[in-house]
Amino acid sequence: MVESTLKMFQDWEEGKAGEVEFEMDVHKELHTLSADIISRTIFGSSFEEGKRIFELQEQQTYLHFASVFSVYIPGFRFLPTKKNRKRWRVNEGIRGSIRKLIEAENAKSEKSRNLLSLLMSPNRNPDGTEDKLEVEEIVEECKTFYFAGKETSANTLTWAIVLLAINQDWQTKARQEVLQVLDDRTNNILLSAESLGELKLISMILNETLRLYAPISVIQRRTCRDAEVGGFQVPTNTQVSLYVIAAHHDPEIWGEDADRFNPERFSQPRKHLAAFLPWGLGPRICAGQSFAMVEMKVALAMILRRYRFELSSSYVHSPVQFMTVHPQYGAQVIFTKIGY
Ligand code: HEM
């Protein structure tokens with residue numbers, strides 16, 4: 001994570017020819033960062049190949065949504081139309097590349113320390129037998145982690161930067177905390193696991209960002225038995241949509257200033273478990289919650305330490321929902337280098 005963030009800084013500064021102050025669409029940059037981090041986590045040293053796979057996955061997502069938003073004709077997806085053929089080609093490209101990486105991992109004498117290698121390891125059952133994922137299952141798992149983890153973290157980080165650019169008092173407080181926690185005298189830019197735990201304000205800021213701009217604004221479930229919810233009878237096998245965004249902006253829960261950015265709310269324990277559910281709830285809660293929090297803390301702390309930032313006059317506030325909640329016109333921010 002640290003390596004990917006440092007690489008991002010290097011790209012920013014090289015691209016801006018060493019200027020101390022520069023403007024850019026940080027939303028795009030943070031997407032590149034989270035793709036880099038998740039690719040390194042899953043594929044280790046083969047992360048460049050991993051990124052190529054993810055680019056193909058992105059193409060596939062857009063092709064998929066193009067078909068979802070067009071008129072539905074049963075069986076149409078099996079016809080060799082131009083778009084369908086492209087979708088099949090992209091899909092085969094993704095699977096073929098992941099299969100090759102699996103084969104390369106299998107051929108290594110020493111196991112790599114990455115998620116791919118973990119997914120390939122057998123699981124020992126209590127009765128001594130072993131289970132192993134099939135290649136196709138591993139391919140699907142890699143795709144899920146990328147889909148579930150890239151957009152969500154990148155968008156949350158983007159909103160955190162936008163909110164701190166607007167709320168300069170919180171930006172200053174957050175930077176002070178980072179400087180205190182990271183040892184200034186030794187020029188230590190690497191965050192240890194212990195120091196991450198000490199970043200209390202950063203955690204509060206990220207939680208408040210997740211409250212205001214939960215990347216997944218609706219969670220869906222299907223009832224497995226008849227139930228009564230808030231006085232309504234819900235029969236078995238009904239699809240129920242849980243509006244995360246509604247709970248997060250409810251003045252009855254958060255007070256009259258529910259729409260205002262105030263990380264202070266998270267200095268106290270929560271009153272109600274379901275009042276704050278950016279990660280979902282129950283057995284299907286986000287599998288990458290801890291990973292995402294570490295990733296976002298590392299990146300935000302490192303950005304705060306190195307740059308002061310404010311919104312550009314070209315920024316237009318327009319959150320939209322397309323899979324996740326993101327800024328429709330990007331996030332143009334002016335950065336000024338202040339540290340290392
Ligand atoms: C800010 C970042 C993130 C947010 C807000 C988020 C949110 C969510 C939500 C709301 C769900 C659905 C939970 C439910 O249905 O109850 C979910 C599922 C999931 N997330 Fe995340 N996520 C984030 C980052 C990540 C990352 C970085 C990864 C992987 C590295 C990840 C992996 C997953 C997986 C695998 C699932 C499916 C779990 C299952 O169905 O059992 N997420 N996430």
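What's counted below: heavy atoms across the whole structure, side chains too, no hydrogens, waters or symmetry copies. Note that ligands are numbered from 1 as they come in the structure, with each ligand's atoms numbered from 1 the same way.
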Go through ligand 1 atom by atom and flag the ones less than 4.0 Å from a non-hydrogen atom of [X].
X	value
Pro215	5 (C)
Leu281	16 (O)
Phe291	27 (C), 30 (C)
Ile38	30 (C)

Got the closest protein heavy atom to [atom], with its distance?
atom	value
atom 29 (C) of ligand 1	Phe145 CD2, 3.4 Å
atom 12 (C) of ligand 1	Arg284 O, 4.2 Å
atom 1 (C) of ligand 1	Thr156 OG1, 3.4 Å
atom 16 (O) of ligand 1	Arg221 NH2, 2.6 Å

Taking the inter-plane angle between the rings of [X] and [Y] on a 0 to 90° scale, is it parallel (under 30°), tilted (30 to 60°) or perpendicular (over 60°)?
X	Y	answer
His27	His31	perpendicular
Phe22	Phe335	parallel
His248	Phe276	parallel

(request) Return the set of protein N, O or S atoms whose distance to atom 21 (Fe) of ligand 1 is under 2.8 Å, each given as residue and atom. (result)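 Hits for atom 21 (Fe) of ligand 1 below 2.8 Å: Cys286 SG.
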(request) Measure from the side-chain N and O atoms of Arg221 to the backbone N and O of Val240, and report whether any donor-acceptor pair falls under 3.5 Å. (result) no
(message) Donor-acceptor check, side chain of Ser217 to backbone of Ile245, threshold 3.5 angstrom: yes or no?
(response) no
(message) Can you confirm whether Glu3 is buried at CD, in the sense that more than 12 heavy atoms of other residues, nucleotides or ligands lie under 6.0 Å from that atom?
(response) no
I'd like to know if [X] pairs up with [Y] as an ion pair, taking the criterion as any Lys NZ or Arg NE/NH1/NH2 lying under 4.0 Å from an Asp or Glu carboxylate oxygen.
X	Y	value
Glu198	Lys297	no
Lys7	Asp11	yes
Arg306	Glu13	yes

(request) Applying side-chain hydrogen bond (donor to acceptor under 3.5 Å, both in side chains), name anything that partners Arg265, two or more places apart in sequence or on another chain. (result) Glu208, Asp257
(request) Decide whether an N or O pair under 3.5 Å exists between Thr144 and ligand 1. (result) no
(request) Tell me whether the centres of the aromatic rings in Trp254 and His272 are closer together than 6.0 Å. (result)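 So the answer is no for these two rings.
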(request) Answer yes or no for atom 37 (C) of ligand 1: protein heavy atom present at a distance under 4.0 Å? (result) no
(message) For atom 5 (C) of ligand 1, tell me which residue out of Pro278, Pro283, Gly282, Ser217 has the closest non-hydrogen atom.
(response) Pro278
